[in-house]
Amino acid sequence: QVQVAESGGGLVQPGGSLRLSCAVSGVAISVRDIAWYRQSPGKPREFVARISRVRNTQYAGSVEGRFTISRDNPKSTAYLQMNSLKPEDTATYYCLVGSDYWGQGTLVIVSE
């Protein structure tokens, strides 16, 4: 059974940082792309970042230069380092492993 578990969300002030984790079990992540998406209330889910199995990275324009995606295959975990956070980054962040496996999400709130 495949399990995808995001963690690391929370409340942070504007300009602050958070690191999200995506822990995966039941499937080998080494042969799969991993992506982060986010969804704010009333809005569709949107792409944030992707890291390929050969570690090529891609970012949404709104987070480029502030967020960094990485992966640790032996730990079966991916990360999203988020710096210089803005209120508009407030959302539930989801991890997608390959094209099939979603986690339940972790909530990030950027507010004073």
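- Rounding to the nearest 0.5 Å places OG1 of T92 at 8.5 Å from CD1 of I109.
- Residues passing the side-chain contact (heavy atoms from CB on, under 4.5 Å) test with S17, sequence neighbours excluded: Q81, N83.
- Every residue was checked against the ring-ring contact (aromatic ring centres under 6.0 Å, His included) condition with Y79, not counting sequence neighbours, and none meets it.
- Under a hydrophobic clustering in which Ile, Leu, Val, Met, Phe, Trp and Tyr are joined whenever their side-chain heavy atoms come within less than 4.5 Å, directly or via other members, Y94 and F67 fall into different clusters.
- Looking at every heavy atom in both residues, R38 comes nearest to A91 through CB-CB, 3.8 Å.
- Counting side-chain heavy-atom gaps under 4.5 Å among Ile, Leu, Val, Met, Phe, Trp and Tyr, V54 is found in no cluster with other residues.
- By the criterion of side-chain heavy atoms lying less than 4.5 angstrom apart, applied directly or through intervening Ile, Leu, Val, Met, Phe, Trp or Tyr residues, M82 is not grouped with F47; the two fall into different hydrophobic clusters.
- Residues I51 and Y37 do not share a hydrophobic cluster, clusters being chains of Ile/Leu/Val/Met/Phe/Trp/Tyr side chains in contact below 4.5 Å.
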Throw together a table of side-chain donor-acceptor distances under 3.5 angstrom for residues 19-33, partners on residues two or more places apart or in other chains.
{"unit_1": "R32", "atom_1": "NH1", "unit_2": "A28", "atom_2": "O", "d": "2.9"}
{"unit_1": "D33", "atom_1": "OD1", "unit_2": "R53", "atom_2": "N", "d": "3.3"}

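- From S111, atom OG reaches atom CG of L85 across 12.0 Å, with rounding to the nearest 0.5 Å.
- Identified under the salt bridge (Lys or Arg N to Asp or Glu O under 4.0 Å) test for residues 69-78, with sequence neighbours left out: none.
- Listed for the T106 side chain is no donor-acceptor partner under 3.5 Å among the backbone atoms of Y93.
- Note on L107: it does not cluster hydrophobically with L96, by side-chain heavy-atom contacts below 4.5 Å among ILVMFWY residues.
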Without placing hydrogens or testing angles, list every side-chain donor-acceptor pair under 3.5 Å for residues 4-13, not counting sequence neighbours.
{"unit_1": "E6", "atom_1": "OE1", "unit_2": "Q104", "atom_2": "N", "d": "3.0"}
{"unit_1": "E6", "atom_1": "OE1", "unit_2": "G105", "atom_2": "N", "d": "2.8"}
{"unit_1": "E6", "atom_1": "OE2", "unit_2": "C95", "atom_2": "N", "d": "2.7"}
{"unit_1": "E6", "atom_1": "OE2", "unit_2": "G105", "atom_2": "N", "d": "3.4"}

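- One hydrophobic cluster holds both V48 and Y101 under the rule that ILVMFWY side chains link at heavy-atom gaps under 4.5 Å.
- If you take OG on S52 and CD on Q58, they are separated by 10.0 Å, rounding to the nearest 0.5 Å.
- Across all their heavy atoms, Y59 and A49 have their closest contact at CD2-CB, 3.6 Å.
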